[in-house]
Amino acid sequence: AANRARVLLNMKKYDEAVEMLGDIDQCEDSFVWRTVAFCEFFQDENSEDTIGLLQQALQFADDTTKREILVYMCRVFFKQNNIVKAKQAIAQCIKQYGGYTVGLLTMATLGLVVKEPAVTNAAIDQIKNSAGPIPSVYFIQAALHLAQDQKSQAQMQLVKAAHQHPQYQESWIKLGEILMSNSHNQISGRQAEICTTSAVVLASSPSGFKSEGENWDLYANWLDARAKLANGKADEAIRQLQTLVRMYPQSDFSWFYLGVALYFAALADKNRPVHPIIALLRPLTQNSV
């Protein structure tokens, strides 16, 4: 029943999942309590019952599961804008399971969001000691530098991420983003296109570590098309975006960027008709990506 309930949970059929589990008051299965907690949270992020359910799950969990629950409790507290409780939950996790990389990354990210760089740096130091220089460390350090208006240092962190972990799609996406922000610099523009093209290639490469979710692939293509436009390659950008709108016809941003590419191509070539842009003006839909 618990496994079937989790399937229903993944299908966003929360009421059916809870009904499938029935009365759980006497249950001593942590998995069941976590499933009900997730259903509660996804239906109402501000529900006070979510934490109580996770605390019940904590009672019956093994050490591996306990550390996962504590991280999730931190995230729930943060979503509910209870920063003090979020800090307490992740501090408990780190105290009990010091080398737990996910817990340390959560701690680093929390410090970044609440603007406590000392917390972020402390977590990063522990991650480096236990897990080494994983890509997420560079991403967080780059975000920390950007928050402190240290753009060149942030770019250096992302260069390290791309060079040391070239198989990670997200490394190239983030480096491409920061290089594109130097749009006045032609060298940065060309470098940005190399990065964004690498991200697109990794999306379809079996050897690449692709970031999860369809949106990342789309975003990599949008970013690559923008880089090509910035480098005067409107025709290449148009072909790329035409492929995207065929693959993802509900993706409004793909249509938008295609319209922009056609517009710039028309500006560069007066013999190119502008009227196809009219066909791209379509209303936003709830199913847009």
Side-chain angles (χ1 to χ4, degrees), residues 2 5-6 8-10 12-15 17-18 21 23-131 134-148 170 212-213:
R6 185 54 69 92
L8 291 169
L9 169 65
N10 292 334
K12 300 184 179 180
K13 297 182 178 180
Y14 307 121
D15 290 334
V18 173
L21 293 170
D23 185 4
I24 64 170
D25 287 345
Q26 304 302 317
C27 179
E28 296 184 2
D29 187 340
S30 177
F31 182 81
V32 170
W33 284 102
R34 278 181 290 145
T35 300
V36 177
F38 296 153
C39 288
E40 182 69 26
F41 180 72
F42 292 139
Q43 290 183 96
D44 179 8
E45 289 187 355
N46 294 312
S47 172
E48 296 179 359
D49 294 335
T50 302
I51 293 297
L53 291 164
L54 288 173
Q55 287 172 337
Q56 285 291 102
L58 207 55
Q59 291 185 42
F60 307 113
D62 57 25
D63 283 342
T64 299
T65 306
K66 280 181 180 177
R67 64 187 191 179
E68 295 173 358
I69 293 172
L70 287 169
V71 167
Y72 198 79
M73 287 175 70
C74 170
R75 293 171 180 172
V76 171
F77 279 129
F78 180 77
K79 280 282 189 179
Q80 295 177 351
N81 204 31
N82 192 336
I83 304 302
V84 173
K85 290 287 187 181
K87 288 180 180 178
Q88 290 174 351
I90 201 61
Q92 182 182 347
C93 178
I94 301 306
K95 183 178 179 180
Q96 293 182 236
Y97 312 102
Y100 181 39
T101 302
V102 174
L104 289 168
L105 285 172
T106 303
M107 178 181 171
T109 304
L110 182 62
L112 185 65
V113 174
V114 300
K115 298 181 180 179
E116 294 184 9
V119 173
T120 299
N121 286 324
I124 286 173
D125 288 341
Q126 290 187 62
I127 295 169
K128 287 179 178 178
N129 290 332
S130 60
I134 59 177
S136 297
V137 167
Y138 294 118
F139 301 156
I140 293 172
Q141 286 182 307
L144 188 60
H145 284 305
L146 286 174
Q148 298 170 346
E170 195 172 348
E212 292 184 6

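Residue numbers run from 1 in the order of the sequence given.
Going from atom OG1 of Thr120 over to atom CE of Met107 covers 8.0 Å, rounded to the nearest 0.5 Å. Separating the OG1 atom in Thr101 from the CD atom in Gln126 is a distance of 10.5 Å, to the nearest 0.5 Å. Note that the CD atom of Gln59 and the NZ atom of Lys66 stand 9.5 Å from one another [nearest 0.5 Å]. Here Glu45 contributes atom CD and Phe78 contributes atom CZ; the two are 11.5 Å apart, rounded to the nearest 0.5 Å. The distance from the CD atom of Gln141 to the CD1 atom of Ile124 is 4.5 Å, given to the nearest 0.5 Å. Atom OH of residue Tyr72 and atom CD1 of residue Ile69 lie 11.5 Å apart, to the nearest 0.5 angstrom.
Scanning all heavy atoms of the two residues, the minimum distance from Leu21 to Ile24 falls at O-CG2, 3.9 Å. The shortest heavy-atom contact between Gln80 and Ser47 is NE2-O, 3.0 Å. When all heavy atoms are compared, the tightest approach of Ser130 to Leu104 is OG-CD1, 4.1 Å. In this structure, Ala131 and Ile134 approach most closely via the heavy-atom pair O-CG2, 3.8 Å. For the pair Ala61 and Ser30, the tightest heavy-atom approach, listed with the atom from each and the gap, is CB-OG, 3.5 Å. For the residue pair Pro117 and Leu144, the shortest heavy atom distance occurs at CB-CD1, 3.8 Å.
With contacts defined as side-chain heavy-atom distances shorter than 4.5 Å, the pair Cys93/Ile90 qualifies. Side-chain contact between Lys87 and Ile83 is present, with heavy atoms from C-beta onward closer than 4.5 Å. Between Met73 and Val76, every side-chain heavy-atom pair lies at or beyond the 4.5 Å cut-off. Residues Asp15 and Gln43 form a side-chain contact, since some pair of their non-hydrogen atoms from C-beta on lies under 4.5 Å apart. Here the side chains of Leu70 and Tyr100 are not in contact, with every heavy-atom distance at 4.5 Å or above. For the pair Phe41 and Leu54, the minimum side-chain heavy-atom distance is 4.5 Å or more. Between Lys85 and Ile51, the closest side-chain pair of non-hydrogen atoms is not below 4.5 Å.
Between Phe42 and Tyr14, the ring planes are tilted. Angles from 30° to 60° get that label.
In terms of modelled atom types and a separation under 3.5 Å, the side chain of Asp44 and the main chain of Glu40 share no donor-acceptor contact.
Other residues, nucleotides and ligands contribute at most 12 non-hydrogen atoms within 6.0 Å of the CD atom of Glu48.
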Discussion item. Apply side chain to side chain contact (heavy atoms under 4.5 Å, CB included) to residues Leu105 and Val102 and explain how you reach the verdict.
Written reply: CA-CA 5 Å; Leu105 285 172; Val102 174; 5.6 Å; no
Fill in: Derivation and outcome, side chain to side chain contact (heavy atoms under 4.5 Å, CB included), residues Val119 and Leu110
CA-CA 8 Å; Val119 173; Leu110 182 62; 5.9 Å; no
